[in-house]
Amino acid sequence: PGAARRGKYLPDSELWGVNPGVLSPPRAFFWLVSLLLASLIWFISVHLSDREDAKLQYGLLIFGAAVSVLLQEAFRFAYFKLLKKADEGLAMISEDGRSPISLRQMAYVSGLSFGIISGMFSVINILADSVGPGIVGIHGDSPYYFITSAFLTMALVLLHTFWGVIFFDACEKRHYWCLGLVVASHLLTSGLTFLNPWYEASLAPIFVITLCTGLWAFVTAGGSLRNILKCLSCKG
Amino acid sequence: MAAAVGRAWGSRRMEVAARSCRGSLPAWWGLLRGLLLAVLAAGSCQGNSVERKIYIPLNKTAPCVRLLNATHQIGCQSSISGDTGVIHVVEKEEDLNWVLADGPHPPYMILLDGNLFNRRVMLQLKGTSRVSGLAVATAKPSPPQGFSPGLKCPNDGFGVYSKDYGPQFAHCNKTVWNPVGSGLSYEDFDFPIFLLEDANETQVIKQCYQDHNVPRDGSGPEYPLCAMQLFSHMHAVTSTVTCMRRSSLQSTFSINPEVVCDPLLDYNVWSTLQPINSSGKVDPEKEVIIVATRIDSHSFFWNIAPGADSAVSSFVTHLAAAEALHKVSDVHLLQRNIMFTFFQGETFDYIGSSRMVYDMEKDKFPLRLDNIHSFVELNQVALRNDSVLWMHTDPVSRLNESVEVQVRNLLDILSNSSTGASVTLQEAGYSQPLPPSSFQRFLRARHIPGVVLTDHKTAFQNRYYQSMYDTPENIRMQYPEGLSPEETLEYVTDTAKSLAEVATVVARALYRLAGGANNTSAIQADPKTVTRMLYGFLIKMNNSWFQSIIKPDIKGILGDVPQHYVAVSSPVNTTYLVQYVLANLTGTVVNLTKEECLNPEKTPNSEKEMYEYAWVQGSLDPNSTSRIPYCVRSTVHLSKALSPAFELRQWGSTEYSTWTESRWKEIRARIFLVASKELEIITLVVGVAILIFSLLATYFINAKADILFSIPRDPGAVAY
């Protein structure tokens with residue numbers, strides 16, 4: 001009976017009580033390092049180029065954002081590899097040959113902490129300045145800057161969480177086309193933010209992407225419509 | 001078997017749960033610390049791009065600060081976190097109705113045109129709660145009807161006329177000296193008032209107003225609206241008595257004292273024609289003639305006090321007369337000595353002169369009141385009509401025969417000295433009292449014969465007395481176009497020539513008064529010196545002449561727009577410069593090295609008590625960038641100009657000046673857009689709703705996770 005229960009993807013419902021928060025700071029740190037590297041690359045490229053050329057500087061900014069996305073995904077993959085090793089190690093030293101934390105939980109936590117640190121970095125700056133009496137707009141920017149930044153940050157946090165789940169699952173099952181899709185949607189989201197302040201063109205598609213990615217992550221984690229109906233009927 | 005395994009699993013689960021609970025706490029704490037650090041870093045990051053998107057700082061402004069005397073506080077006050085209001089531009093009187101009654105978004109921050117900055121408008125604004133602040137744009141050109149925020153009767157109650165002495169002249173009963181005076185500077189406002197000195201910044205504010213705040217079709221303008229925030233929180237309240245009491249309590253009992261106000265203080269500059277022992281006492285038989293002028297001015301706003309006619313014209317003339325007298329060959333043979341005195345703080349109830357009289361009475365000054373033979377004062381001499389200079393005397397003291405004889409002698413000598421010059425001297429007459437002058441403080445102590453020379457007979461000719469419009473244009477200083485700064489420094493204006501003539505007359509009269517017997521036609525004031533002084537004290541302090549005559553370590557003080565407010569940190573630029581200009585004009589260059597010059601007590605034959613030695617940095621060597629410094633020996637001294645009320649700790653004194661200036665932490669101004677209250681509340685409610693929803697959703701998903709995220713198992717496993 002014990003052997004039948006052994007299996008890496010069996011999300012043991014009892015083990016959901018384990019707080020995987022222990023994993024989030026190292027994950028956040030990985031994201032910070034990726035941001036640091038990306039900004040270093042952008043900074044060097046800006047200094048090596050002509051400061052006066054506005055189009056070139058805009059192009060460099062887009063290039064910097066793309067590099068940042070790729071580096072973040074690369075670090076996510078590196079973290080996945082690290083966690084796999086740790087997981088195997090924990091499984092070896094545990095009494096029954098199973099690691100106490102399932103990989104699905106690790107995926108969720110890693111995505112969430114990634115999202116939290118990324119959201120924090122995008123929004124703390126804006127929050128600190130929103131404390132004063134003024135709003136953005138005296139130089140012609142949109143006066144809805146604060147509320148759209150808040151919604152964008154929320155979408156980003158959710159997206160990172162969903163990408164984390166999908167990414168880890170794809171790496172484990174070696175569905176590399178899923179990996180490519182995650183990276184592509186991250187690049188798309190990052191590119192859409194360049195359309196600000198045309199918020200209809202940037203915020204609405206990003207929310208659509210968030211919804212789709214959420215559904216995809218839900219299915220990957222083992223959910224389905226049947227489960228939802230069962231859950232609702234249980235509650236009712 | 002299954003039950004045993006189940007029990008083992010249960011205990012294992014609890015162990016793991018306990019371990020993870022303990023382990024998770026430090027992890028979250030680390031994240032929280034990081035979050036706090038990020039918030040602090042972001043908040044303290046100055047000039048980050050989001051802040052630049054929101055605020056436009058206004059850099060070239062001057063605030064109105066709070067001053068206190070024994071019984072009142074005057075000036076302006078803002079809240080401790082600044083006052084914010086929607087901007088409204090008031091260019092004509094009708095615009096005020098929007099602010100006072102019609103406007104739907106009070107409180108308003110008014111941008112007032114300089115021509116409307118008068119008493120009637122200001123009292124209307126003072127009485128309403130719909131105004132949160134005021135920004136005044138300088139009127140260019142100056143208001144033609146005149147503008148003076150000073151009192152109609154300056155320094156009333158601290159001069160010589162009171163109910164015991166010449167009551168018919170007290171409180172300007174006979175002559176109102178400053179009829180244009182509105183007394184605005186002496187009102188107490190509970191909102192901040194700033195002056196916008198830069199026309200470009202005023203234009204930016206008006207543009208923001210046009211874009212966002214203009215009422216359309218009679219109804220109110222839509223949010224977001226353009227708003228302004230002014231910070232000028234003052235720490236002192238009520239009066240000098242209260243704030244000095246609080247400051248002294250703090251200084252006595254607190255480890256980190258929080259002083260709330262400072263007395264206005266500085267230094268008087270004095271110098272004698274024949275050297276005297278400055279640390280000893282002058283022989284009672286030796287007679288001295290005192291020549292006096294004031295060197296300070298004031299306006300409604302802090303550190304804006306050009307004082308062209310009220311102060312600069314008189315002390316520049318005085319300096320030129322001193323230079324002319326020192327060139328006379330038989331100076332050391334004169335029977336009486338002459339003391340050139342420059343009083344600081346006269347605008348605020350005669351701080352400098354009352355202190356000097358007090359020191360003379362208490363024997364703390366080398367001279368005593370008995371030594372004074374006569375007194376000549378120069379007050380506002382630049383705006384003469386038809387070149388007439390009026391001589392004012394005190395009619396009450398002239399009732400005494402001996403004083404009348406001496407005053408008569410004084411007036412005759414002055415009139416005789418003006419023959420041949422283009423200046424006409426006329427007497428103002430018996431029916432006129434003395435105008436506000438430092439001489440009045442000396443008269444309070446002793447009936448000294450004296451005369452005050454001015455360009456006005458009854459009311460001031462100066463229509464911008466103690467205001468920000470008392471500028472070089474007011475005294476008709478005009479330069480031709482296209483001159484370089486060096487050429488402007490040397491160009492002799494008509495104003496300079498006319499002031500030089502006055503200085504010549506004064507110098508010749510003083511020579512005669514001091515007992516000089518020779519022909520006075522050789523005594524001439526130099527218009528070139530006068531024009532250089534006028535340029536330096538009114539237009540640009542940082543010029544080559546001033547730079548060459550000051551000490552090397554204070555050359556950093558030159559550089560601002562010249563102004564002559566007495567302030568609380570001493571000595572101010574004006575005092576320094578008057579001291580060094582007087583030393584340059586009346587002193588001699590001596591051949592001492594730098595060490596000998598800075599330590600004259602070690603040098604034999606230096607007569608340290610009689611002279612002051614200064615090491616000045618000299619002019620630029622023409623071929624290189626270094627200067628050629630040298631040592632100047634002069635009889636120029638500084639004497640402390642702090643009101644005796646603070647020495648005697650009589651903070652409620654009605655006899656001596658009790659003016660103090662409040663302290664403050666930050667003074668700045670900025671403009672930005674504000675959103676409606678509705679948008680702010682919507683944002684908050686939506687945020688809180690999303691937070692609660694996400695917490696509930698996480699809780700429910702967590703609770704039902706086993707149902708939601710299960711992969712279908714083979715039926716055999718269900719049994720476990």
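Below, each value reflects all heavy atoms present in this structure, side chains not excepted, and no hydrogens, waters or symmetry copies. All chains are named by letter (A, B, ...) in the order of the sequence lines, taking the proteins before the strands, and each is independently numbered beginning at 1.
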Flag if over 12 foreign heavy atoms under 6.0 Å of CZ, A:F43: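 It does not: A:F43 CZ has 12 such atoms or fewer within range.
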ask   = CZ of B:F189: more than 12 outside heavy atoms within 6.0 angstrom?
value =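 Check passes, neighbour count above 12.
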Less than 4.5 Å to any heavy atom of chain A: does that hold for the side chain of B:A227, its backbone, both, or neither?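 Looking at B:A227, nothing touches chain A.
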All side-chain hydrogen bond (donor to acceptor under 3.5 Å, both in side chains) counterparts of B:R668, not counting sequence neighbours: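 Only B:E666 meet the side-chain hydrogen bond (donor to acceptor under 3.5 Å, both in side chains) criterion with B:R668.
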For chain B, which residues of residues 206-214 of chain A have heavy atoms nearer than 4.5 angstrom:
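Expected list: none.
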Is any side-chain heavy atom of A:Y145 less than 4.5 Å from a side-chain heavy atom of B:I54?
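Side-chain contact under 4.5 Å: no.
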Residues, nucleotides or ligands: over 12 heavy atoms within 6.0 Å of A:W216 CH2
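Counting neighbours around CH2 of A:W216, more than 12 heavy atoms of other residues, nucleotides or ligands fall under 6.0 Å, so yes.
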Give me the atom names and distance for the closest heavy-atom approach of B:K53 to A:I138.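 Nearest heavy atoms, B:K53 then A:I138: O-CG2, 3.9 Å.
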Best-contacting candidate, B:V50, B:T683, B:I682, B:V686, against chain A by heavy atom pairs under 4.5 angstrom
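Maximum pair count with chain A is reached by B:V50.
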side-chain contact (heavy atoms from CB on, under 4.5 Å) evaluation trace for A:I135 with B:Y223: CA-CA 11 Å; A:I135 60 165; B:Y223 274 101; over 6 Å; no
Gap separating the CG atom of A:D129 from the CD atom of B:E51, nearest 0.5 angstrom:
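So the gap between those two atoms works out to 5.5 Å.
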pair B:I690-A:F151: side-chain heavy atoms closer than 4.5 Å: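 SC-SC contact between B:I690 and A:F151 confirmed.
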Let's test your reading of the structure: which of B:I671, B:L673, B:L679 forms the most heavy-atom pairs below 4.5 Å with chain A?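 When all of B:I671, B:L673, B:L679 are compared, B:L673 has the most.
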- Taking every heavy-atom pair that is under 4.5 Å apart, which of A:P133, A:P143, A:G132, A:S130 has the most such pairs with chain B?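 Highest number of pairs under 4.5 Å: A:P133.
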### Query
Considering residues, nucleotides and ligands other than A:L229, do more than 12 of their heavy atoms fall under 6.0 Å from its CG?
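Yes, the 6.0 Å shell around CG holds more than 12 heavy atoms from other groups.
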For this session: Determine whether B:I56 and A:H139 make a side-chain contact, defined as any pair of heavy atoms from C-beta on separated by less than 4.5 Å.
Result: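 Yes. Closest side-chain heavy atoms under 4.5 Å.
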